[in-house]
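Below is one structure, written out as structure tokens, with a few remarks after it.
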Amino acid sequence: MNFSERMKKLAETDKEALELIQLELQRQEDGLEMIPSENFVSMAVMEAMGSVFTNKYSEGYPGKRYYGGNEFVDKAENLAIERAKRAFNVPRANVQPYSGTPANFAVYLATCQPADVIMGQALPDGGHLTHGWKTSFSGIFYKPVQYHVKQDGYIDFDEARRLALAHRPKLIWVGASAYVRQFPFKEMAEIADEVGAYLAADVAHVSGLIIGGAHPSPAPYCHIITTTTHKTLRGPRGAIIMTTEKGLQKDPELAERIDKAVFPGLQGGPHDHQTAAIAAALKEALKPEFKEYAHQIVRNSKALATELMKNGMKLVSNGTDNHLMLVDLTTVAKGHGVFAQEALETAGITVNKNTIPHDPSSPFYPSGVRLGTPALTTRGMKEEEMTAIAKWVAEATRETEKYRLPAEKSEIAEYVKGAKREIRENAALKRINTEVREMCRHFPLYTDGTI
Ligand SMILES: *Cc1c(COP(=O)(O)O)cnc(C)c1O
């Protein structure tokens, strides 16, 4: 059955919405999805997500609900909890957070008072908004101190330890959105234990790699683990908060306090259709094939990094240990990410512009591009495809070399608009787009029921 047959009712009732869904499907099928935080869920996960559980209210937790009729919701939530505990080797799990950001907010509510000191990796150095960045609740309601990465791309432990001893944070985060090396759970645990802080691992990006054995587990070292479910884990949008044995030893009430922080602290009724889909995704992630998937993501990533460097591109930290890499475009010009992103999009390759450590430009016009392999690997692509993709990425980026952000701030927006218009008409990029589509045809997604 193809995709549009599944949407017969929508075709009858709302052609406008249906058309947009079909256009988005076409976009996903025709392009190379290289945003490292994205993935393609299976049809099975999508079916669970599109199920009647969306009709239910079930504030509370299994066995302790405020509404009736929750017999099967309770079972579905317990199924997701049990699978999460098995997947991450932890004693407690909460599967209700709507997404990664509210999951992290719940961790603050459970462990800190407003205005307490907290510590995380700085956003321009790859950290996440919710780890203390000034524009996020985490930097508004709490007092953040931020650690950084060194010139070589690795976390600066000396700085992190110095900051922790000087400021005594209540909560320390390890985990990031744009970090190309393995997360140093053990080293950060030594720092957290020294100052008596809670250590929370935010493994949103690498949770699929952890389950598949392609990245070390934080469970022995951290008190709390949070993860989104829609990145390498390949589930629906959502999140899980886990309490480890070490967390329960530090604070036997920790798991209950996290549950209370999620509901009633931060959320109302859980999204039960999302919970059912998380259960379905975890079932897939616990299969032996998923181990192979996780390792192939990393093999593809390393192959792509090597080939990009062979094609003359500079990478932060000169490579990668995980599913993503950061292209350093300062060799072309500072703030060049915006042009590269547009050129790659014109070529059919979706990436995001990103800051690089010690970026000489601003977060809105950063000097890097972030690339990852989870979605390509889900389509079945391997090292051979990475070689071809690296050539296209390098060639497309070279097409933008003549563009320079104006020094005068007020002129930037207008200049960028003009440059983008030109980039979208670039013949070399259009040619790459044709080649990209041709490759994508060999790795079909939903249209032929492949995944
Ligand atoms: C993606 C991400 C989040 C937030 O997830 P959302 O679902 O977008 O709110 C949190 N932490 C890290 C490290 C992430 O990469």
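Along the sequence shown, the residues carry numbers beginning at 1. Every number for a ligand or one of its atoms is a count from 1 in the order of the listing.
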Problem - Parallel, tilted or perpendicular: rings of His215 and Phe183 (30°, 60°) - result: tilted
Problem - Sub-4.0 Å heavy-atom contact, Arg237 with ligand 1 - result: no
Fill in the blank from the handout: re atom 3 (C) of ligand 1, the protein heavy-atom contact at minimum distance is His128 NE2, 3.2 Å
Exercise for the section: Give me the ring orientation class for Phe263 and Tyr66: parallel if the planes are under 30° apart, tilted from 30 to 60°, perpendicular past 60°. Expected result: perpendicular
Fill in the blank from the handout: The protein heavy atom nearest to atom 13 (C) of ligand 1 is Asp202 OD2, 3.3 Å
Exercise for the section: List every atom of ligand 1 that sits less than 4.0 Å from any heavy atom of His205, numbering the atoms from 1 in the order shown and giving each element. Expected result: 15 (O)
Practice task
Report yes or no: does Ala176 have a heavy atom closer than 4.0 Å to ligand 1?
Solution key: yes
Handout entry: Cationic N near anionic O, under 4.0 Å, Glu284 to Arg83
Key = no
Problem - ring-ring contact (aromatic ring centres under 6.0 Å, His included) assessment of Phe105 paired with Phe137 - result: CA-CA 8 Å; Phe105 204 163; Phe137 75 87; 3.8 Å; yes
Practice task
Give the residue, atom name and distance (to 0.1 Å) of the protein heavy atom nearest atom 7 (O) of ligand 1.
Solution key: Ser99 OG, 2.4 Å
Would you list the atom pairs, donor with acceptor, under 3.5 Å between side chains in residues 239-249 and any protein atom, with sequence neighbours excluded?
{"residue": "Thr244", "atom": "OG1", "partner": "Cys222", "partner atom": "O", "Å": "2.5"}
{"residue": "Thr244", "atom": "OG1", "partner": "His223", "partner atom": "O", "Å": "3.2"}
{"residue": "Thr244", "atom": "OG1", "partner": "Lys246", "partner atom": "N", "Å": "3.4"}
{"residue": "Thr244", "atom": "OG1", "partner": "Gly247", "partner atom": "N", "Å": "2.9"}
{"residue": "Lys246", "atom": "NZ", "partner": "Asp193", "partner atom": "OD1", "Å": "3.4"}
{"residue": "Lys246", "atom": "NZ", "partner": "Asp193", "partner atom": "OD2", "Å": "3.0"}
{"residue": "Lys246", "atom": "NZ", "partner": "Tyr221", "partner atom": "O", "Å": "2.9"}

Completion exercise
His230 heavy atoms within 4.0 Å reach ligand 1 at atoms 7 (O)
Problem - Residue, atom name and distance, where the atom is the protein heavy atom closest to atom 14 (C) of ligand 1 - result: Lys231 NZ, 2.9 Å
Problem - Heteroatom distance test (Pro102, ligand 1): nitrogen or oxygen, under 3.5 angstrom - result: no
Practice task
Fit a plane to each ring of Tyr446 and Phe40, take the angle between them on a 0 to 90° scale, and name the class: parallel (under 30°), tilted (30 to 60°) or perpendicular (over 60°).
Solution key: perpendicular
Handout entry: Element-labelled atoms of ligand 1 that are located less than 4.0 Å from some non-hydrogen atom of Ser177
Key = 12 (C), 13 (C), 14 (C), 15 (O)
Exercise for the section: Measure from NZ or CZ of Lys353 to the centre of the six-membered ring of Phe364, then state whether that distance is under 6.0 Å and the direction lies within 45° of the axis. Expected result: yes
Exercise for the section: Compute whether any side-chain donor of one residue and acceptor of the other, for Asn300 and Gln296, lie under 3.5 angstrom apart. Expected result: yes
Exercise for the section: Could you tell me whether some N/O pair between Thr228 and ligand 1 is separated by less than 3.5 angstrom? Expected result: no
